[in-house]
There are 2 protein chains.
Amino acid sequence: MKVVPGGGTAMSGPVLRKLQGFGRLDDADAAALAMLEAGTRPVPAGADLICEGDRPEGMIAVIEGFACRYRLRENGARQIMAYLVPGDICDFDSSVLNRIDHAVGTLSNCRVARVAPEAGRDLRSRPALARSLRTAALVDEAILREWIMNLGRRSAVERLAHLFCELLVRLRAVGLTFGNSYDLPITQLDLADTTGMTSVHVNRSLGELKRAGLIERTGRRLTLCDLPRLMDMAEFRPNYLHRERPEAA
Amino acid sequence: MKVVPGGGTAMSGPVLRKLQGFGRLDDADAAALAMLEAGTRPVPAGADLICEGDRPEGMIAVIEGFACRYRLRENGARQIMAYLVPGDICDFDSSVLNRIDHAVGTLSNCRVARVAPEAGRDLRSRPALARSLRTAALVDEAILREWIMNLGRRSAVERLAHLFCELLVRLRAVGLTFGNSYDLPITQLDLADTTGMTSVHVNRSLGELKRAGLIERTGRRLTLCDLPRLMDMAEFRPNYLHRERPEAA
DNA sequence: CGGGCCCTTGATCCGGCTCAACATTCGTGG
DNA sequence: CCACGAATGTTGAGCCGGATCAAGGGCCCG
């Protein structure tokens, strides 16, 4: 098993790792999750995992790569409403709603695990696990609110800066960061559809952040060179992610 | 007990009424909710029900008036991230998160019911009620996503049109509509902070909608004169609200 | 070695912001 | 019931952030 930078083993399970950040899990909990992550399959970039109007069934866990929730307008405009990074679970709650109201697709090549409804119920029958899953869902909701703040009241550069800070914390939680940098395997068009802008303007705003010495991008690797200033300009307050030590590497 | 237009009685409980829309509730469920709505107190407009950083405890149900979730930037800019209309419950889930990451305040004069954590657990111990509450929470999340769509990919007039359509459906569910009109007891500034715009531009955009014969506003009463065209221009698809008959009066 | 996709850059345009003045309504106390 | 002040709504002029349109360059992959 390959050792990855953040410590822990590569396939030791981003889901387990993430959920442990929300509360102690015992070996049986871990085993239950490992089971989940066993039946994993690769999905190429740009594929849909769920289409709008589908019936919900079970959960989908992202093990590797970036996916997103999104919706399209009739004119083709896309708005991304959430990122799903390794460890994130997208829970189409069983029997409660009977039609999905948004699509879920991959942004990069991914490995995902589909969890059947019964398996999901098994996981939730373990109290500690249920509690961590619930916390994770509440954090996802907090992220939605923060994105609303981002779109409504921040400028282009601030939106990007805020997004990059958020991703640093989220990826750190699953050991996918290298100091203040991480792989961001998405295009500028994806960033545009996330931040409600144009890819042209994303490009210019990224340039601005680079020129200010706040970020660097080489290939798909993003480095936050001056995290304090970046956080400051975006008014990034990691409290909404509800992690103990968001700044710890 | 005063009879209100939508049918049902005025204080028969917007919460009950809303939750019934998500699934059948028996008399005992109704009684449990009635209990909740008994201990109600008035709150003036512009007051905070919850401040950022507070410890969560229990739930708050809005019985009358409009409240909202919001956050402020350091420069004073406000972004409203959700409306709480009569029947809506804002659930600070007990023991899961230990700090609230956003504020909740009233937009108009309100009547609210605070629900102690134990009382909340009592409600959730009733399966049908628990299920409806869970559905309501999922719908709230879907609304957050739709607002992201609104802010990211719709123009000023479209945002307003979409918001007005959404409120029509939500208020209709609790019997607070009169045909295609309803009371919207909030200011243009509030609308601006909701839609990520300026109150000046809200004013002009409202004027545009009026001139196009799509809406009318007299006092706090808003009328959607040409609902089909309004829905069309905003690409409003009520499916995300997960109600059976969103268009029924 | 060719064809997409993605990134980059320039020129121009426009939706929505800013600033400012004024009108109206509302709540309040006299 | 009126008078007042404050909050809200309305309107104009000018500006600016980000969109649009368009062209070219790099790079990956077949």
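Chain letters run A, B, ... following the sequence lines, proteins first, then strands; residues in each count from 1.
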From [atom1] of [X] over to [atom2] of [N], roughly how many Å is that when rounded to an integer?
X	N	atom1	atom2	result
B/N75	C/dC17	CG	P	14 Å
A/N109	C/dC5	CG	P	16 Å
B/R154	D/dG18	CZ	C1'	20 Å
B/R211	D/dT10	CZ	C1'	12 Å
B/L189	C/dC17	CG	P	12 Å
B/L107	D/dT8	CG	P	11 Å
B/R159	C/dG15	CZ	P	13 Å
B/R217	C/dT25	CZ	P	14 Å

What is the nucleic acid contact for [X], judged by heavy atoms within less than 4.0 Å: base, sugar-phosphate only, or nothing?
X	answer
A/G219	nothing
B/S155	sugar-phosphate
B/G46	nothing

[X] side-chain proximity, nearest of [options]:
X	options	value
A/H201	D/dG18, C/dT18, C/dG16	D/dG18
A/T187	C/dG16, D/dA19, C/dC7	C/dC7
A/V200	C/dT9, D/dG18, D/dT11	C/dT9

Quiz item: Hey, which of these two, B/I186 or B/R204, hits DNA chain D nearer its 5' end, going by closest nucleotide?
Solution: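 Looking at the nearest nucleotide for each, B/I186 comes out on the 5' side.
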Any side-chain N or O of [X] under 4.0 Å from OP1/OP2 of [N]?
X	N	value
A/R220	D/dC27	no
A/N203	C/dT8	yes
A/Q188	C/dC5	no
B/T198	C/dT18	yes

Quiz item: So do A/T194 and A/Y83 actually touch side chain to side chain, heavy atoms under 4.5 Å?
Solution: yes
Euclidean distance, [Y] [atom2] relative to [X] [atom1], rounded to 0.5 Å:
X	Y	atom1	atom2	value
B/R114	B/R41	CZ	CZ	4.5 Å
B/F66	B/I186	CZ	CD1	6.5 Å
A/D183	A/F178	CG	CZ	5.5 Å

Quiz prompt | Aromatic ring pairing A/Y240/A/H162, orientation class (parallel under 30°, perpendicular over 60°, tilted between) | solution =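 Ring orientation, 0 to 90° scale: parallel.
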